[in-house]
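Letters A, B, ... mirror the listed sequences (proteins, then strands); counts begin at 1.
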Amino acid sequence: MKDAELCRWLLEVNEPWEVSRVRVDTHSRELHAYLSTGKTWFGRYLGEQPRSRWRHLNIGAYKTYIHASLPEQDGQAAQAFLGKSASDFTHGLARRVIQCLQDGLRYRQVCALLDIDIHLAWQIKHAIESGQLAATDTDLRARLQLDDPAGQTASTIPASDDGIWLRLLALDCPFEIRLLSLKLLLARARQDFARAHDPDMQSLRINELRRFFIKHEKHLEHEIAQLNNDRQQATEGDQP
Amino acid sequence: MSNATATSVLLDLRQASALIERGETLAIAGHLECLAALPKGNWIGGTTPYFMASEGGTCRLDRVFVQPFGQQVGEIACYDRERLPHMLEDAPENGFSIVILPAGSAVLEDYAREAPNYPDMYIKPIAGWVAGVHLDQLGSAQAQVIDGRSGRCYVDQAIVLHIPLPPDQTALVHAVNLFKPGAGPTLSFDETGFAARDCLIDGVRGSLLELIRERGIDTRLPLVADYCGAMINVSIQSLESEPGLVSFYAPVFAGVDYRFADAVEDYSARFLQAMPRDGGPILFGCNCILNYLYSQLQGRQTARLTGPITFGEVAYQLLNQTAVYLTLEHN
């Protein structure tokens, strides 16, 4: 059985989706599955088409990531192996987290069990608390608050729906950057943002920026401090 | 990756062969005949006879510049135009990639235009260079890249070395560009491309060629754009290869504002000042053939940044008239 076919079975990918490519990074212990609907030609690159990247349930000890471009009008049921285009985790991972919480595990235990890092934990918790995920009731949200009253699972990097990202993507927002890669990434994101009015495309660009901050967190102390300062100033400005 | 790895250096063929046979993973720059004479092994190569050696800029047809990355590490992959956009998907989650692209190829043109939109671009570190030929052979020889595993040469593929790093190490890509936008008009282009006739000059449509001639602009100076503080050059290749046409070594991008750069006096001294004193060891470096020519770097040194003199530089995207280097940092 070929890698892509094996991966299709393990991830329970079903039609019209197929696994066009699989990459296993043994050093980082990550598995990346690239999905297509057969409309792309052998998973060929389609230039401007935005592609989401979702964390899924582990396969063995390997963190699993799904990459796919969602159709513009996706009327299909929420497949476990996909996520919302603006999200960075799959429906399957979200359901498992909720199921574990409903079975009585504490949030920190769930994150440890499912190998969820602090940044993703923060995103999922935020999604549950703000009612973005189906099947979460008020009791569950209240229990989540009790599990982590001081917000200890909070990341220093703001959640993707925080308004600071939109401000950062404004062309005239001053932001001092030291890393070449972030200068180039932000310049491209700002150009795209000025052109694209599609909210999904904007969310993908924000997710990409946030992913950069997470990946290079140790080298971005100066930039993260600026983000949080700007965020605090904006919050204070909003108060009467 | 161990800091004890051998440093980048200009070697004769016997010395380079010994490193290959010892199992070192290498990126090698040199004249085609030199590269073709090396044994098979875990290395990638590209053609150029120009180098920034520790002794200074030089042109050698009997030596190769070797950049080592450790023993038996990394993966080598060739990319044609179809696979090129997936280059960084193949890169390790933590590590870096070194790419060599042949000058004058369609694969280079694709990379120059499209790389900013490739998946994982700017997220995973990639640096590299564009292979060329001796300036006396322009028009008669082709730039080539070589897969050292097989010894095969390519004029139409990119060759890439993907190197993973342990979790406590990170690779950072840097660019040293001494050019800054001058006081002249702001130029913007309707389309992304390697050549242009008209553009908006301070918002008014006009001929770029006429602007250059009327103002007596020195075409050794590049167009410069400010990417959130990173100065990105586009160098002028030729005027009037067709009537009214200005050709570039890298594409100008639609929607980006450019200005011609101010002149840089005493490149070598200014370069030494611009090179940061801190930071981790340099694993890879290269500098542009236009800096070598226009700033007369032959016999002059550029601090601890050594490497091939190249026909385009890659620090994520294609750059011109820039020095690029990659450092290893401990988290």
Side-chain angles (χ1 to χ4, degrees), chain A residues 20-32 34 41-53 63 65 67 69 168-169 171 173-192 194-195 204 207-219, chain B residues 73-74 81-87 89-95 110 113-127 162-168 170-177 225-232 253-256 315-317 319 322 324-326 329-331:
Chain A
S20 55
R21 214 160 71 87
V22 181
R23 185 175 63 82
V24 177
D25 188 322
T26 54
H27 294 272
S28 299
R29 295 165 79 89
E30 291 183 5
L31 183 147
H32 293 260
Y34 297 83
W41 189 56
F42 294 109
R44 189 174 170 176
Y45 178 64
L46 294 177
E48 294 290 315
Q49 196 172 16
R51 192 163 62 188
S52 298
R53 174 187 188 270
K63 288 182 179 172
Y65 293 86
H67 303 251
S69 295
L168 182 61
L169 286 166
L171 288 170
C173 174
F175 195 71
E176 192 182 298
I177 303 171
R178 293 175 179 176
L179 287 190
L180 173 68
S181 44
L182 182 55
K183 289 176 183 176
L184 297 174
L185 178 66
L186 184 60
R188 188 196 67 185
R190 284 179 171 178
Q191 285 166 17
D192 287 351
R195 282 197 298 256
L204 285 173
N207 283 352
E208 199 172 38
L209 261 180
R210 187 172 181 272
R211 185 181 152 212
F212 183 95
F213 273 85
I214 291 168
K215 186 176 169 68
H216 298 282
E217 185 179 12
K218 292 188 176 74
H219 297 279
Chain B
V73 295
R81 295 181 72 182
E82 188 169 322
R83 290 194 61 225
L84 190 68
H86 300 292
M87 179 189 290
E89 290 173 355
D90 293 341
E93 288 305 307
N94 186 47
D110 282 2
R113 285 173 181 273
E114 301 295 339
N117 295 315
Y118 287 171
D120 286 341
M121 180 52 71
Y122 311 124
I123 304 270
K124 294 178 178 175
I126 180 166
H162 297 298
I163 309 264
L165 289 173
D168 62 339
T170 303
L172 294 182
V173 179
H174 313 263
V176 180
N177 181 10
D226 182 346
Y227 283 61
C228 291
M231 298 300 152
I232 303 297
F253 286 94
V256 174
Y316 299 97
Q317 59 195 62
L319 308 177
T322 304
V324 166
Y325 65 102
L326 182 143
E329 308 290 339
H330 289 266
N331 296 333

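Only the side chain of B:Leu172 has a heavy atom closer than 4.5 Å to any heavy atom of chain A. Contact annotation for A:Glu208: both backbone and side-chain heavy atoms come within less than 4.5 Å of a heavy atom of chain B. Interface remark: B:Leu84 contributes no atoms to any contact with chain A (heavy atom separation under 4.5 Å). Only the side chain of A:Tyr34 comes within less than 4.5 Å of a heavy atom in chain B; its backbone stays farther off. With a 4.5 angstrom heavy-atom cutoff, B:Ala91 touches chain A only via backbone atoms. Proximity to chain A (any heavy atom under 4.5 Å) is shown, for B:Asp90, by both the backbone and the side chain. Contacts between A:His67 and chain B at a heavy-atom distance below 4.5 Å are absent for every atom of the residue.
With salt bridges taken as basic N to acidic carboxylate O contacts below 4.0 Å, none links B:Asp168 and A:Lys218. Between A:Lys215 and B:Asp120 there is no salt bridge, since none of the side-chain N atoms of the basic residue sits less than 4.0 Å from a carboxylate O of the acidic one.
Of all non-hydrogen atoms in A:Leu184 and B:Ala315, the two that sit nearest each other are CD1-O, 3.9 Å. Considering every non-hydrogen atom in both B:Tyr122 and A:Phe212, the closest pair reads O-CE1, 3.1 Å.
Atoms OH and CG, on B:Tyr227 and A:Leu186 in that order, are 13.0 Å from each other to the nearest 0.5 Å. Note that CD1 of B:Ile232 and CG of A:Leu180 are 6.5 Å apart. Values are rounded to the nearest 0.5 Å. With values rounded to the nearest 0.5 angstrom, A:Arg188 atom CZ is found 12.0 Å from B:Cys228 atom SG. The CD1 atom of B:Ile123 sits 9.5 Å away from atom CG of A:Leu182, with the distance rounded to the nearest 0.5 Å. Taking CZ from A:Arg29 and CD from B:Glu93, the interatomic distance works out to 14.5 Å, rounded to the nearest 0.5 Å. Atom NE2 of B:His86 sits about 12.5 Å away from atom CZ of A:Arg23, to the nearest 0.5 Å.
For chain B, the option among A:Ser181, A:Ser28, A:Pro174 with the highest count of heavy-atom pairs below 4.5 Å is A:Ser181.
Using a distance-only test at 3.5 Å, with no hydrogens or angles considered, no donor-acceptor pair links the side chain of A:His27 to the main chain of B:Pro167.
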Please test B:Glu89 against A:His32 for side chain to side chain contact (heavy atoms under 4.5 Å, CB included), starting from the C-alpha separation and ending with a verdict.
CA-CA 9 Å; B:Glu89 290 173 355; A:His32 293 260; over 6 Å; no

